[in-house]
Amino acid sequence: MPMDFPDFESLKRAAKVHNFRRPLKEETEEGFREALANHVEPIDYIESMEIRNKVGWNKFTREQNEDMITRKGFKF
């Protein structure tokens, strides 16, 4: 099921689900998003990309799909 992660609150909820830390005091949303996505990646690659892209996989753009594939080492 696709999931959107549009804001800091959705990231905090996902972090709790994945037993990840809370945001650091001075951490930006983008910094926390990247750290959480890196934590989730070995567990659920697609969800990690949803976190990175802020939207569920069903809303990925062509560029986001290409990024997802190239992150896994595939080339076009």
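Here the side chain of R33 pairs a donor or acceptor atom with the backbone of I51 at under 3.5 angstrom. Judged by distance alone, the side chain of E50 and the main-chain N or O of M3 form a donor-acceptor pair under 3.5 Å.
Summarising the geometry of G56 relative to P2, their closest heavy-atom pair is CA-CB, 3.9 Å, with the distance given to 0.1 Å. Nearest heavy atom pair, residue A37 against residue S48, reads O-CB, 3.3 Å. Smallest separation of non-hydrogen atoms from E29 and P6: OE2-O, 4.0 Å.
Considering only residues two or more places apart in sequence or on other chains, E26 meets the salt bridge (charged side-chain N to carboxylate O under 4.0 Å, His left out) condition with none of them.
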Can you give me every donor-acceptor pair (side chain of residues 13-20, partner residue at least two apart or in another chain, under 3.5 Å) with its distance?
unit_1, atom_1, unit_2, atom_2, d
H18, NE2, E47, OE1, 3.3
H18, NE2, E47, OE2, 3.0

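Using a 4.5 Å cut-off between side-chain heavy atoms of Ile, Leu, Val, Met, Phe, Trp and Tyr, M49 falls into a hydrophobic cluster with Y45, I46, V55, W57, F60, M68.
A distance of 8.5 Å separates CG in N53 from CG in N65, rounded to the nearest 0.5 Å. To the nearest 0.5 Å, the span separating CZ on F32 from NE2 on H39 amounts to 9.5 Å. Here CG of D67 is found 8.0 Å from CD of Q64. Values are rounded to the nearest 0.5 Å.
The existence of a salt bridge linking E27 and R22 is excluded, since no basic side-chain nitrogen approaches an acidic carboxylate oxygen closer than 4.0 Å.
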Worksheet item: Does the salt bridge (Lys or Arg N to Asp or Glu O under 4.0 Å) test come out yes or no for K72 and E41, once each step is laid out?
Response: CA-CA 11 Å; K72 278 297 194 184; E41 187 170 327; 5.2 Å; no
